[in-house]
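Just so we're on the same page: letters track the sequence lines, and every chain starts at 1. Below, each value reflects all heavy atoms present in this structure, side chains not excepted, and no hydrogens, waters or symmetry copies.
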Amino acid sequence: MTEDIITLDYGSGGKLSNQLIRSLFLRYFNNPFLNQLHDGAILPPSDKKIAFSTDSYTVSPIFFNGGDIGKLAIHGTVNDLAMCGAIPKYLSVSLIIEEGTSMYALEQITSSMAEAAQQTDILIVTGDTKVVNKGDVDGIFVNTTGIGYIDLDVDINPARAQVNDFILINGPIGNHGISILASRENLELEESIPSDTAPLADLVQQMLSITREIHVLRDPTRGGLATALNEIAQSSQVEIEIGEVKIPMDEAVKDTCQILGYDPLYLANEGKLIAFVPEQYAEKVLEKMKKSCYGEQAAIIGRVVARGKAEVYLLTEIGGKRIVGMLSGEQLPRIC
Amino acid sequence: MKYYDEYRDKNLCQLIIEKIKKLTKEEIRIMEVCGTHTMSIFRYGIKNLLPANISLISGPGCPVCVTPINEIDHMISLSDMEETIITTFGDMINVPGSTSSLKKKKAEGADIRVIYSPLQALGIAEQFPQKRVILIGIGFETTIPLLASTVLEAKKRRIDNFFLFSLAKLMPPIIKTLLESNEVKIDGMLCPGHVSTIIGTKPYQFIPERYDIACVIAGFEPVDILNAIYHIIEQRIKKIPQVENKYRRAVREEGNPLALALINQVFLTVPSEWRGIGMVAESGLELRPEFSNLNARNFSVKIERERENELCRCGDVLRGAITPRQCPLFRSVCTPENPVGSCMVSSEGTCSAYYRYN
């Protein structure tokens, strides 16, 4: 099987589709909801609030330093649910596969999705596979949609940032962006920079165990930290101030940005969250974050300074102050 | 990281700023002619830290910005040719021509690839021998030796489907033209660090000698820039305008003779048009006749008729005659998402810097 390639027949809904479902997806995702092979999963009722989120993944290359599209697709939706304060429970996985993709690659991606799901205790309960003509997609596209449960006393949303909230981040920024760039462009970096892709739901629950008064959570994925902060500033109509020297960053990422002319504030992250926490809880939440394997380098990077004007300011490392805007278009490497 | 953290030292920066404040209350106007300087100045918030009597003016330091629209149109039209791959530095993708851009052409199906080093274009040419691979060769003296060595390498490896579209430009002639016009009053010049690593210190000699303007070659970290500003003011006060090299860790007096020889081996100086400035003698570089089989200008393509938004004031911005805020399109019509002029496109463009950081 591992030497085979995916042909259009695998998406036809016929025999080969059935074989693919049974020999690959059921084998890896195995759970009572999925195993019924019903048209949809019928899930038990809950008395909690329900978080519902979807995202599509089109990363190129499919396999990169520190992960692959499968892992990313699970972590991404798990994290979106987690940013609502939810405990992720159920996922759907939809694959659009380019004909000619190797079965081996598909199996690797499936296995990596299964592993990531298991790690976060989320069940893949329904799914779909389509195979399209060569060139219609780039390898494999994945959509995941997830449901999670939120405790009734948790109210996290981007419009809740308050003056004097401290802004926390769980670790260094930019690693995913640089990792993908290096894999895509075959950049030979002196030091390997793996993607930071990671599931953050457990970390969020740890933080909520300190206080239910976490006002905002956001994962700074595409557009990076700068864009995420701007979105929150706009939703909450607040002025935010962050300190450049307080933002954790790996030396290797810093150096690569320096050479290529990228601004790390705009680089994508896949295992990072920012939290807006009232001042009195900030230190305790930080302490808790640092105990998690996904928050060892957590830091307080700034605070909400005023209400009314939606702006993000950066205190530069030399003591200057400047505006940090949203990412516009794609970040491009500079000429000289 | 070693070699740059010490040049971002907050205390040292504060110390230099204090010294600058004590030095003079006189109005001092300093022009930087390198896009990387412009970006550093904005990125670190240097303007806000300086006393009000010191103003920093951006000159024509961004290679993308100074390329006139007819050349942009020509470049874009190359992507219309069948079986052609355009390879370019990222900044060029978004630059608007009269009606199109490489980005639009890409969306319409043209094969346009962003590269990080000119040599990548050769790799692509070898990978697709049946296609023409055109490198958009843009840049100042810093980038030109790389273009030259790519051309030589193509010849050596006998890659006959590689072509160069040269938009290369030289820094000293344009500085001379600007100063000669006397449109913008300048007391000092922050000379470009990267360009100087190649050309050395001598090509700036005419600036203090002929125009009485203080010149300091500077690196790109905040300490470098602040220190250079201090020395420009000091020269001004002592009335001893000269070329000072304060980027000794990278710039030698004679520059880089090897790189200069490469440039000379491959290119000829030609008159070149600069956006907002016009034709400037001996300010551009074209491939020498012996490399004409690699010259992408030999392709006959249909170039659309030049149409520029009359309100766009990129040219005035490039000469330092106005700041972007004085342009009627700035921020209202012209934004990084929908740029009208090239100064809003490049990460090193003055309008882009004002938009993003101010």
- [ ] Quick one: which of A:I318, A:I323, A:T316, A:L314 has the most heavy-atom pairs under 4.5 Å with chain B, could you say?
- [x]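 Sorted descending by pairs with chain B, the first entry is A:I318.
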- [ ] State whether the side chain of B:N48 and the backbone N or O of A:G320 hold a donor-acceptor pair below 3.5 Å, judged by distance alone.
- [x]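 Answer holds: no.
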Task: Heavy-atom check, side chain of A:M326 versus side chain of B:E337, under 4.5 Å - done: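 Not touching, per the 4.5 Å side-chain cut-off.
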Using a 6.0 Å cut-off, check whether atom [atom1] of [X] has over 12 heavy atoms from anything other than its own residue.
{"X": "B:K106", "atom1": "NZ", "answer": "no"}
{"X": "B:E108", "atom1": "CD", "answer": "yes"}
{"X": "B:K21", "atom1": "NZ", "answer": "yes"}

Task: Portion of A:L265 that has a non-hydrogen atom of chain B nearer than 4.5 angstrom - done: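 Contact with chain B is absent: no heavy atom of A:L265 under 4.5 Å.
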- [ ] Let me know if B:F42 has heavy atoms under 4.5 Å from chain A in its side chain, its backbone, both or neither.
- [x]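 Just the backbone, heavy atoms under 4.5 Å.
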TODO: Working to the nearest 0.5 Å, report the span between CG of B:D5 and CD of A:E317.
DONE: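 B:D5 CG to A:E317 CD: 7.0 Å, rounded to 0.5 Å.
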Task: Verdict with reasoning, A:E244 to B:R43, per side chain to side chain contact (heavy atoms under 4.5 Å, CB included) - done: CA-CA 11 Å; A:E244 191 167 25; B:R43 208 177 143 192; 4.2 Å; yes
